[in-house]
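For reference, the structure discussed in these notes is given below.
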Amino acid sequence: MTTLTQDPRHLDEAARAALFTGAHTANTFADTPVTDEQLTQIWELARWAPTGANLQPLRVLFVRTPEARARLVPLLADTNRDRAASAPAIAVLAVDDRFHDAIPTVAPFMVPRQGWLEENPAARGEMGSYSGALQAGYFILAVRALGLAAGPMAGFDKAGVDAEFFAGTSWRSSLVVNIGHPGPDAFRPRLPRLPHEDVVRFA
């Protein structure tokens, strides 16, 4: 009988630690560069995240030049600026409000609903929000899977970032993720997680 440990899809303890139990949010980063090829590989993994009806609303802007960084960092919360300034690459994750335009390509079975989504921005926003959040979680796991550290940050001026980087588009920023190799004192002590008995039930 095949067991989980024999299944090639089953991650070993080291892989699970890299993605989950041993992973920490990085607060400082080393000078080691992150290449455009590595950033591309991150997306090639993250794009397999599940989304509602396969509609894939997440979009990514990789900020890696000094000029782009100088435009972004002042729009971050004070406590986040030094973290971003030390990161070799920064991803701005955004949700495309026009994600339904891609329905004929990514979800042909949804074509009859495309007009309804066009006419219902509130429903479209809800779908984009939860599917984009699922994709953002996978994006962080993809960073970790490539041996890099991620530093997700929600503290930033979303309207300012949208005006600076996404003016004239349907992209709306949702999360900023610092990416790189951890630097000195990158990790704070692990904070507690809620115990199993408080959060898990079986029915």
Side-chain angles (χ1 to χ4, degrees), residues 9-29 34 38-64 72 76-77 79-80 83-84 87-100 102 106-107 110 123-156 158 161-162 165-166 170-182 186-188 190-196 198-201:
R9 297 168 298 180
H10 181 67
L11 299 180
D12 63 21
E13 184 59 35
R16 293 198 298 270
L19 294 176
F20 297 102
T21 57
H24 293 252
T25 292
N27 293 290
T28 69
F29 294 87
V34 173
Q38 287 175 299
L39 297 177
T40 299
Q41 289 173 340
I42 290 169
W43 178 248
E44 286 301 310
L45 292 176
R47 71 191 185 100
W48 298 104
T51 58
N54 198 44
L55 295 182
Q56 305 169 50
L58 193 72
R59 306 291 183 262
V60 183
L61 169 68
F62 286 116
V63 174
R64 74 249 196 283
L72 176 63
L76 306 178
T79 54
N80 289 333
R83 299 172 188 171
I90 308 167
V92 180
L93 306 189
V95 170
D96 187 354
D97 186 54
R98 302 290 312 173
F99 66 84
H100 59 298
V106 300
M110 284 284 290
R124 197 167 71 239
E126 183 177 355
M127 290 182 71
S129 179
Y130 75 71
S131 287
L134 279 171
Q135 289 183 280
Y138 269 67
F139 184 91
I140 293 167
L141 290 176
V143 172
R144 294 172 174 177
L146 290 175
L148 298 168
M153 305 183 300
F156 66 98
K158 291 182 172 62
V161 168
D162 293 348
F165 291 96
F166 304 140
S170 52
W171 294 21
R172 301 292 176 263
S173 56
S174 59
L175 189 69
V176 171
V177 183
N178 298 322
I179 301 170
H181 296 272
F187 305 123
R188 296 172 180 167
R190 173 78 80 189
L191 291 171
R193 265 45 178 183
L194 291 171
H196 175 96
D198 287 352
V199 298
V200 177
R201 295 181 182 179

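This is a predicted model, so every value here is computed, not measured. The figures that follow rest on heavy atoms only: side chains count, while hydrogens, waters and symmetry mates do not.
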Applied to residues 131-153, the side chain to side chain donor-acceptor pair (under 3.5 Å) test, sequence neighbours excluded, yields none
CG/L72 to CG/N80 distance, rounded to the nearest 0.5 angstrom?
10.5 Å
Rounded to the nearest 0.5 Å, what separation is found between the CD1 atom of I179 and the CG atom of L146?
9.5 Å
One pair to check against side-chain contact (heavy atoms from CB on, under 4.5 Å): V34 and R64. What are the steps and the verdict?
CA-CA 9 Å; V34 173; R64 74 249 196 283; over 6 Å; no
Using residues 13-23 as the side-chain source, report each donor-acceptor pair under 3.5 Å to any protein atom, sequence neighbours left out, with the distance given to one decimal.
residue	atom	partner	partner atom	Å
E13	OE1	R16	NH2	2.6
R16	NH1	H10	NE2	3.4
R16	NH1	L11	O	2.5

Restricting to side chain to side chain donor-acceptor pair (under 3.5 Å), what partner residues turn up for [X], sequence neighbours left out?
X    : value
S170 : D96
N27  : R83
S173 : D162
R124 : D97

Residue set satisfying ring pair (Phe, Tyr, Trp, His ring centres under 6.0 Å) with F187, at least two apart, ordered chain then number -> H24
F166: which residues meet the ring pair (Phe, Tyr, Trp, His ring centres under 6.0 Å) condition with it, sequence neighbours left out?
W171
Taking everything shown except R190 itself, do over 12 heavy atoms lie less than 6.0 Å from its CZ?
yes
Quick one: list whatever passes side chain to side chain contact (heavy atoms under 4.5 Å, CB included) with V199, sequence neighbours left out.
L194
Going by side chain to side chain contact (heavy atoms under 4.5 Å, CB included), name the residues that satisfy it together with A149, two or more places apart in sequence or in a different chain.
A26, F29, P182
For M153 and A84 the tightest heavy-atom approach is CE-CB, 4.2 Å
Are [X] and [Y] close enough that some pair of their side-chain heavy atoms sits under 4.5 Å apart?
X   : Y   : result
V63 : L61 : yes
V60 : V92 : no
V95 : R59 : no

Which pairs pass salt bridge (Lys or Arg N to Asp or Glu O under 4.0 Å) with one or both residues in residues 127-141, sequence neighbours excluded?
none
For residues 42-58, dump all side-chain donor-acceptor pairs below 3.5 Å to protein atoms at least two apart in sequence or in another chain.
residue	atom	partner	partner atom	Å
E44	OE1	R47	NE	3.0
E44	OE1	R47	NH2	3.4
W48	NE1	E44	O	3.0
T51	OG1	L55	N	3.2
T51	OG1	Q56	N	3.3
N54	OD1	Q56	NE2	3.3
N54	ND2	V106	O	2.9
Q56	NE2	N54	O	3.1

Only residue of L175, L93, L134 satisfying side-chain contact (heavy atoms from CB on, under 4.5 Å) with F139 is L93
